[in-house]
Amino acid sequence: MDFNTLAQAEINYGKYLLSQDHLYKKIPENQRSELIQQAVECGESAAENLVADDLRNYCRQEKIEIEFFQEELKAENFRFVLAEFQLPKLIRINQSLLAAAEPFLLAQDFFKDQRAADILLAHELYHYLENQQQLFTIKKQLMYQTGPFKRQARLYALSEIAAMSFSQAYLELPFSPVILNIALLYPIAPEYSEQLAKQLLVID
């Protein structure tokens, strides 16, 4: 797994994440790049505006509960929950994945002193902030047509793009946190992890 090559392909991450949204095909092509950029800027702005030297202290101050949960890891299960935010104030982090991936991460010079748990925490904290502050990624609605009906819905992929941008900016990471997702899954499901990496590299 060449993490340096993945880091150089950073321009593809937003496009990949947006392409995973179930409403992706409803988004006009001429609006996709702008939406990605707006989400990136939203995450960076939230990081800049967060007055906190330590994320865990901030969570304590805000009474946000951090729960490390365990699960049985099986290679055939590709839908691991790395971490998640649950309203109103709960962040859950997969301790089983962190423990399983720790030897692999420590062996990679690419990650150096970055703590995987901190990156996951920062990502999920953005979801708390976007709800509390009603940021762009919460308020933005996609207007689209289904037959004779006009509909509107939230693009959840924008929240994921912004959360990646937030954690990268706040922690001053030299790489996109998307790479961590691939690295955490590699020790458990290497074929799936490599497949995801290839998708990130080839997406237009």
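Please read all numbers here as calculations on a predicted model, not as lab measurements.
- With sequence neighbours left out, Glu29 forms a side chain to side chain donor-acceptor pair (under 3.5 Å) with no residue at all.
- More than 12 heavy-atom neighbours from other residues, nucleotides or ligands sit within 6.0 angstrom of CD on Gln70.
- With sequence neighbours left out, the side chain to side chain donor-acceptor pair (under 3.5 Å) criterion links Asn94 to Glu71.
- Listed by chain and number, the residues in a side chain to side chain contact (heavy atoms under 4.5 Å, CB included) with Lys140 are Leu35, Phe136, Leu158 (sequence neighbours excluded).
- Legend: ring-ring contact (aromatic ring centres under 6.0 Å, His included) pairs involving residues 150-172, not counting sequence neighbours, sorted by first then second residue: Tyr126-Phe166.
- Residues passing the side chain to side chain contact (heavy atoms under 4.5 Å, CB included) test with Asn181, sequence neighbours excluded: Leu82, Met164.
- Not a single donor-acceptor pair under 3.5 Å links the side chain of Ser193 to the backbone N or O of Ala189.
- Sorted by first and then second residue, the salt bridge (Lys or Arg N to Asp or Glu O under 4.0 Å) pairs involving residues 150-161 (not counting sequence neighbours) are Glu130-Arg154.
- Judged as a side chain to side chain contact (heavy atoms under 4.5 Å, CB included), and not counting sequence neighbours, the contacts of Gln133 are Leu129, Leu135.
- Between Leu105 and Leu184 there is a side-chain heavy-atom pair separated by less than 4.5 Å.
- Counting all heavy atoms, side chain and backbone alike, Phe68 lies closest to Gln95 at CD2-OE1, 3.2 Å.
- With Asp21 contributing its side chain and Leu17 its backbone, the two residues share no donor-acceptor pair below 3.5 Å.
- A pairwise comparison of heavy atoms in Tyr16 and Leu196 identifies OH-CD1, 3.0 Å as the closest pair.
- For residues 175-189, there are no salt bridge (Lys or Arg N to Asp or Glu O under 4.0 Å) pairs, not counting sequence neighbours.
- Applying the side chain to side chain donor-acceptor pair (under 3.5 Å) test to Ser33 and every residue at least two apart in sequence or in another chain returns nothing.
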Requested in this report: Report the C-alpha distance between Val81 and Phe69 in whole Å, list the side-chain angles of each, state the deciding distance to 0.1 Å, and finish with yes or no for side chain to side chain contact (heavy atoms under 4.5 Å, CB included).
Outcome: CA-CA 10 Å; Val81 174; Phe69 69 92; 4.2 Å; yes

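- Evaluation of the salt bridge (Lys or Arg N to Asp or Glu O under 4.0 Å) test over residues 35-64, restricted to residues two or more places apart or in two chains, returns Arg56-Asp118.
- Remark: Gln134 pairs with Ile138, Lys139 by the side chain to side chain contact (heavy atoms under 4.5 Å, CB included) rule, at least two apart or across chains.
- Using a 4.5 Å heavy-atom threshold, the side chains of Leu185 and Tyr192 count as touching.
- Residue Ser167 comes nearest to Pro177 through the heavy atom pair OG-CG, 3.1 Å, listed as atom of the first residue, atom of the second, then distance.
- Between Ala169 and Ala47, the shortest heavy-atom contact is CB-CB, 3.8 Å.
- The list of salt bridge (Lys or Arg N to Asp or Glu O under 4.0 Å) pairs with a residue in residues 89-105, not counting sequence neighbours, reads Glu67-Arg92, Glu84-Arg92.
- Inter-residue side-chain proximity for Phe175 and Ile119 is flagged as met; some heavy-atom pair is nearer than 4.5 Å.
- Between Ile91 atom CD1 and His123 atom NE2 the span is 10.0 Å, to the nearest 0.5 Å.
- The backbone N or O of Ser159 sits nowhere less than 3.5 Å from a side-chain atom of Thr137 that would complete a donor-acceptor pair.
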